[in-house]
4 protein chains.
Amino acid sequence: MERSAKGSRERILAAAEEVFAAKGIDGARVDEIAHLAQVNKRMLYHYFNSKEDLYTYVLKVNFEKSLAAGKKAFSEKGDLKQQVAEAIRNYFYFLAANPNYPRLMAWEALQGGNYARKVLPEIWEEGLPSLKAILEEGVARGVFRPDLDLKQVLASITTLCSGYFTNKDILAILWEEDPLSPDNREKRLKHIIDLILRSIVI
Amino acid sequence: MERSAKGSRERILAAAEEVFAAKGIDGARVDEIAHLAQVNKRMLYHYFNSKEDLYTYVLKVNFEKSLAAGKKAFSEKGDLKQQVAEAIRNYFYFLAANPNYPRLMAWEALQGGNYARKVLPEIWEEGLPSLKAILEEGVARGVFRPDLDLKQVLASITTLCSGYFTNKDILAILWEEDPLSPDNREKRLKHIIDLILRSIVI
Amino acid sequence: MERSAKGSRERILAAAEEVFAAKGIDGARVDEIAHLAQVNKRMLYHYFNSKEDLYTYVLKVNFEKSLAAGKKAFSEKGDLKQQVAEAIRNYFYFLAANPNYPRLMAWEALQGGNYARKVLPEIWEEGLPSLKAILEEGVARGVFRPDLDLKQVLASITTLCSGYFTNKDILAILWEEDPLSPDNREKRLKHIIDLILRSIVI
Amino acid sequence: MERSAKGSRERILAAAEEVFAAKGIDGARVDEIAHLAQVNKRMLYHYFNSKEDLYTYVLKVNFEKSLAAGKKAFSEKGDLKQQVAEAIRNYFYFLAANPNYPRLMAWEALQGGNYARKVLPEIWEEGLPSLKAILEEGVARGVFRPDLDLKQVLASITTLCSGYFTNKDILAILWEEDPLSPDNREKRLKHIIDLILRSIVI
DNA sequence: GATGAATGAGAATTCATTCAT
DNA sequence: GATGAATGAATTCTCATTCAT
């Protein structure tokens, strides 16, 4: 049993993340979370006070994970183009490795970010600070187009990356393939990088 | 009273679209829909049988609207690049004019397309057939890159366009501006068109 | 169309009898009755005021039909035993010919006769007056047992006859045959007559 | 408070049996059952899932009670006639002691046995196996008529016995006495036994 | 007489939350 | 920390009945 491997609190948190990511806060059922976490429902209230608070906490934890990932300095080897590519790749594979994250963000976005706003107004997924820095340097050095609109570029990158994961089920239907297979994932990433790079170089 | 201005059925449908787009099927309340439609709750069941069926019907109507819009032949003036730009512009402004549509699709996508699948497995938003045709012609004529992966390009276009609208609330927070203002909308569209065109021409 | 063959009122009455007999007053749906009668639901209220009144009226009509059948003088040929047999036969085939009647009575009996009581306290299915008379005469003439308890005998006859029809579905399951087939019906009737006659003759 | 005297589950079951026996599934109200059981309505769903399932479960429990009663071996003293009388008496007093049982069966019979069929297609109230055995033995030994139709005899016995209880309210009106008074009950039983015995002996 | 649309009261069912232990 | 049973407030859905024409 990995029942006691993690403590109840951790199990609840993990279960909640799973269920909220799968169904959103309105579709999620407290019973399902408790059952999945193999704890008595009461414990959930013991540790997290309410469904809403639990949800908000799950968001918080995920934001922090994402921030931490964003900050992890990546090797600054290669030219700026390569660094941009690398940053996108890092972000893309962070999403792939943490599939609950983009889904949680997507549910939250549709709800106007009301829960996220309460706890973490500042963060959200601007969280590509290193990328921003590289792009700025590229512009300064004349490697990237001088008329680059950073806001737009960053929005495009995050949308393209996270959109791939939040729309996986639909793409699976349309493409009749599994978008999450390593091959397809890599193909998609290459396409996104190509798209972005072509649009920013002079 | 604009009581019987539109029939109850239409009012219910309109109200349902509004509420489902705003809150998703799980967040929506039948009472709210009935109230917004200014009808007795009973009528909702009379016309649409259940909340779920009503939701599915709203999806259906929206799919059809989108298909109709996609089919509307656009002027084939200008070169192929201009035609691509025009097709993206049409799609983008269709979403802007029908803000419920991208949101409904986004909720649905997060739920794995379970409801949509029931009604219209085939459609979804591949629905950019004219665009696909233009791209193919461009490749054939040697105007666009021969190695163009249409699937990828189309996925990027739809993701970029609809992602802008489904994430509007988050962008509003990050940018501290209204993403839906005509100016910002147009600026975003131009960015997307530029991004795509640069990536497809030789 | 036999739609206009009978007037709406008659069609409603016929439909109501059918549905009430099939499902009882609580299981019956006004909508189903109206639909079966091919009339607008409003007409039902026009003619019969309420579901309850309609039900009560159906009971009344059926009581009267049964009384009328019971009064129809039967040929007084043959000895008293033959006359008893004939009376039971008449009753049994009246029930067979009017399958709604025993069912309506059975639903009503389970409900304590509350609706019937309101309108027709006197009738119910004592309605075998001719039979009663024959039995009394038989006792007087010394043909039947002097210690005959008429109440008990009549109760047995009605129970045995109507019970066969109200339990038809269960018997169908147990016997794996159709209790209402002419053969089985006749066999059952013969059994009942035999049972009763043996118990009343000296 | 005899609040937890019996567990809620048992109280719900008892209350449900009472209410379903009194009013049938369509006439019964979940609220009434919950109130009678002194539990929160929610518990009913917790333990039994739905009104329909609760009803089906009540049927099941009653079937089993009846089967158990039927199996209880009765003293095989006396001749076969006495044994038949004893078996009928046992059955009759089982019904008297469990008044909900014949009523539940009667409602169910009128509905075509649709719910019972789900749970226990095989049982129903053929459940007089010991009686059947005695009758067969009697025929074999030449004590009972060789042309005895067992199916018919058993149907008559069950109909006469259970019919007495399901029609009690009507008999009360007709007879202007209480059919359930010990005296009247016993008188009725004697009549039934006499009726049956006379019809089966040679 | 006849109709289709509408309604309010109520019935079944669900859900987050809390109590007693 | 932990638990099973319990609850009240919604929430979805149903039904007999009535209104406007």
Side-chain angles (χ1 to χ4, degrees), chain A residues 4 7-9 12 25-34 37-55, chain B residues 3-4 7-9 11-12 25-34 37-55, chain C residues 4 7-9 12 25-34 37-55, chain D residues 3-4 7-9 11-12 25-34 37-55:
Chain A
S4 38
S8 311
R9 194 169 181 286
I12 292 170
I25 187 173
D26 289 317
R29 295 290 161 256
V30 166
D31 277 300
E32 188 182 357
I33 294 172
Q38 291 179 270
V39 300
N40 185 282
K41 213 182 344 178
R42 191 63 189 80
M43 294 316 292
L44 198 149
Y45 289 91
H46 179 67
Y47 287 120
F48 297 100
N49 185 53
S50 74
K51 180 188 183 185
E52 215 173 282
D53 285 3
L54 175 54
Y55 174 73
Chain B
R3 179 59 187 290
S4 38
S8 317
R9 209 189 116 92
R11 288 207 311 284
I12 293 170
I25 186 175
D26 289 317
R29 293 290 161 255
V30 164
D31 276 305
E32 186 180 358
I33 294 172
Q38 290 179 275
V39 300
N40 185 286
K41 210 190 331 183
R42 185 64 189 78
M43 295 316 285
L44 199 150
Y45 291 91
H46 178 65
Y47 287 119
F48 297 99
N49 188 50
S50 73
K51 180 187 179 183
E52 210 173 285
D53 285 3
L54 175 54
Y55 174 73
Chain C
S4 38
S8 311
R9 195 170 181 284
I12 293 171
I25 186 172
D26 288 318
R29 295 290 161 257
V30 166
D31 277 300
E32 188 182 356
I33 294 172
Q38 290 179 272
V39 300
N40 185 283
K41 212 184 342 179
R42 191 63 191 80
M43 295 315 292
L44 198 151
Y45 289 90
H46 179 67
Y47 286 120
F48 296 100
N49 186 52
S50 76
K51 181 190 184 184
E52 215 173 283
D53 285 2
L54 175 54
Y55 174 73
Chain D
R3 181 59 186 292
S4 40
S8 315
R9 208 190 117 93
R11 289 208 310 284
I12 292 170
I25 188 174
D26 289 318
R29 293 289 160 256
V30 165
D31 276 305
E32 187 181 358
I33 294 172
Q38 290 179 274
V39 299
N40 185 286
K41 210 190 333 184
R42 186 64 189 80
M43 295 316 285
L44 197 150
Y45 290 91
H46 178 65
Y47 287 119
F48 297 100
N49 187 49
S50 74
K51 180 188 181 182
E52 211 172 285
D53 285 3
L54 175 54
Y55 175 74

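In the text below, chain A, chain B and the rest are named by the order of the sequence lines, each starting its count at 1. Only a predicted model underlies this, so the values are computations on that prediction, with no experimental measurement involved.
Sorted by first and then second residue, the salt bridge (Lys or Arg N to Asp or Glu O under 4.0 Å) pairs involving residues 43-53 of chain C (not counting sequence neighbours) are C:Glu52-C:Lys118.
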Original post:
According to the Watson-Crick and G-U wobble definition with distances under 3.5 Å, which dot-bracket string, read 5' to 3', encodes DNA chain F, using [ ] for crossing pairs and | for pairs with another strand?
Top reply: .||||||||||||||||||||

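A:Phe48 meets the ring-ring contact (aromatic ring centres under 6.0 Å, His included) test with A:Tyr57; sequence neighbours excluded. Among residues two or more places apart in sequence or in another chain, the salt bridge (charged side-chain N to carboxylate O under 4.0 Å, His left out) test is passed with A:Asp31 by A:Lys41.
Rounded to whole Å, atom C1' of F:dA5 lies 5 Å from atom CE of D:Met43. Note: CD1 (C:Ile12) to P (F:dT17) measures 14 Å, nearest angstrom. Look at CD on B:Gln38: it is 13 Å from P on E:dG8, rounded to the nearest Å. If you measure from atom CD of B:Glu52 to atom C1' of E:dT13, you get 15 Å, rounded to the nearest angstrom. For the pair B:Ile33 CD1 and F:dT11 P, the interatomic distance rounds to 13 Å; values are reported in whole Å. The nearest whole Å value for the distance from the CG atom in C:Leu44 to the P atom in E:dG1 is 15 Å. Protein atom CZ of B:Phe48 is 16 Å distant from nucleotide atom P of F:dT14, rounded to whole Å. Separating the CG atom of B:Leu54 from the C1' atom of F:dT11 is a distance of 15 Å, rounded to the nearest angstrom.
With hydrogens and angles ignored, the 3.5 Å screen pairs a side-chain donor or acceptor of C:Arg29 with a backbone N or O of C:Asp26.
Note on A:Ser8: every side-chain N or O is 4.0 Å or more away from OP1 and OP2 of F:dG1.
Atoms OH and CG, on C:Tyr45 and C:Leu54 in that order, are 9.0 Å from each other to the nearest 0.5 Å. With rounding to the nearest 0.5 angstrom, the CZ atom of B:Arg11 is 12.0 Å from the CG atom of B:Leu44.
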Quick one: which protein N/O atoms are closer than 3.5 Å to N/O atoms of nucleotides 14-16 of chain E? Pair and distance per line, please.
unit_1: E:dC15; atom_1: OP1; unit_2: A:Arg29; atom_2: NE; d: 2.6
unit_1: E:dC15; atom_1: OP1; unit_2: A:Arg29; atom_2: NH2; d: 3.4
unit_1: E:dC15; atom_1: O5'; unit_2: A:Arg29; atom_2: NE; d: 3.4
unit_1: E:dC15; atom_1: N4; unit_2: D:Arg42; atom_2: NE; d: 2.3
unit_1: E:dA16; atom_1: OP1; unit_2: A:Ala28; atom_2: O; d: 3.3
unit_1: E:dA16; atom_1: OP1; unit_2: A:Arg29; atom_2: NH1; d: 3.4
unit_1: E:dA16; atom_1: OP1; unit_2: A:Lys51; atom_2: NZ; d: 2.9
unit_1: E:dA16; atom_1: OP2; unit_2: A:Val30; atom_2: N; d: 3.4

